[in-house]
There are 2 protein chains.
Amino acid sequence: MKTKLDILKQYGLSVTDSRKKILELFLNADGALAHADIEKNAAKNFDRVTVYRTLQTFVEKGIVHQIPTTDNSILYALCKQNCQQGHHHDDHVHFICSNCDKTICLDDVTIPQVKLPINFTKQQAAMVVTGVCEDCK
Amino acid sequence: MKTKLDILKQYGLSVTDSRKKILELFLNADGALAHADIEKNAAKNFDRVTVYRTLQTFVEKGIVHQIPTTDNSILYALCKQNCQQGHHHDDHVHFICSNCDKTICLDDVTIPQVKLPINFTKQQAAMVVTGVCEDCK
DNA sequence: ATAATTATGCAATACTGTTGCAAATAAAGA
DNA sequence: TCTTTATTTGCAACAGTATTGCATAATTAT
């Protein structure tokens, strides 16, 4: 089984307390995390700047990906199965529960293809579904 | 033809300078607008707070809708054909051009249905495609 | 025209995100 | 293991973004 340490090394990152702790938060989270969540939940309080920079690094290395929202925040999520192999795919749908406010990666629901108007070229696609999750049903 | 005045009244809103002006900006825009765009483009400079409150009101009334992004900003867009009838549908795909940074409502591209895992209920769906738009091709 | 309601602008405040730099920590090499 | 080198952290300062309360001003209803 891969440890946090292994994961960080695998991505060519120095192993530091903050990275281990933040990675752990993601591994234990059942949904996506916002910057604020991380700042609150980290037992040892890291500097805000460190959290920003760690998240930025994780995004660049492909350990986590960003999820667009309509409430002026960015959510970050790690995709269990992919991340452990070092290939990052975030072509799945994200689900935001309107009851518990959790954001869940629907890893098995792939974003469908859409036919764009002529002369539009696609690079990336994101899809966010709002509704009620299985726990709140 | 419906005037700005008619539209505001139809949604039960008091007709004020700021609302008329901001609505006009949306009617003339060829894409979505961020709060900052509105603040800059309004000839008569409204207070930031007024712009925030106006946008909030427009969203609540269904005159505009929000578009999720991953850069910590919210985009607001009004959908020409629907808004003039008083029915609001934002079930179309939004396109963000990575070259000119414009956000365009692809009114004719409907968000495809996705099959959610069992026990998930869908209320809304949003889809954002990034790429190169027709003007930048 | 007047009263009641609603919206605006200002001030104050809080939250969010970024940059430069010195100190601390981790990695690499002897 | 110790030393050197490279990287990361935390602090301070700053800029941008968003919210709230309240008095004033404008709009709507009577």
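Chain A is the first sequence line, chain B the second, and so forth, proteins listed ahead of strands; every chain is numbered from 1. What you see is a predicted model; the values in this text were computed from it and never measured.
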OP1 or OP2 of C:dG9 under 4.0 Å from side-chain N/O of B:Thr50: yes
Full working for side chain to side chain contact (heavy atoms under 4.5 Å, CB included) between B:Gln123 and A:Val132: CA-CA 8 Å; B:Gln123 287 166 350; A:Val132 182; 3.8 Å; yes
Check: B:Lys61 and B:Gln10 side chains under 4.5 Å, non-hydrogen atoms: no
Approximate separation, where rounding is to 0.5 Å, of B:Ile7 CD1 and B:Leu27 CG: 5.0 Å
Student check: side-chain heavy atoms of A:Thr110 and A:Val93 closer than 4.5 Å: no
Heavy-atom neighbours of B:Lys9 NZ exceed 12 at 6.0 Å: no
Ring geometry between B:Tyr52 and B:His35 (parallel below 30°, tilted from 30 to 60°, perpendicular above 60°): parallel
B:Glu134/B:Lys137 salt bridge by N-O under 4.0 Å criterion: no
4.5 Å side-chain heavy-atom contact, A:Ile67 and A:Thr103: yes
B/S/- contact track for nucleotides 18-30 of chain C, protein heavy atom under 4.0 Å: BBB-----SS---
Bounds of contact between DNA chain D and chain B, in 5' to 3' order, using a heavy-atom cut-off under 4.0 Å: D:dT17 to D:dT28
Aromatic ring pairing B:Phe95/A:Phe120, orientation class (parallel under 30°, perpendicular over 60°, tilted between): perpendicular
Bend angle of the helix from C:dA1-D:dT30 to C:dA30-D:dT1, from helix axes over five pairs at each end, nearest 10°: 40°
Minimum side-chain heavy-atom gap B:Asp17-B:Lys21 below 4.5 Å: no
Between P of C:dG17 and CD1 of A:Ile74, the distance in whole Å: 6 Å
Spacing of A:Glu39 atom CD relative to C:dC15 atom P, expressed in whole Å: 11 Å
Protein-nucleotide distance (A:Leu75, atom CG; C:dT16, atom C1'), rounded to Å: 15 Å
Verify same cluster id: A:Leu8, A:Tyr76 (apolar side-chain graph, 4.5 Å): yes
Touch class at under 4.0 angstrom, heavy-atom based, for B:Ser73 against every strand present: nothing
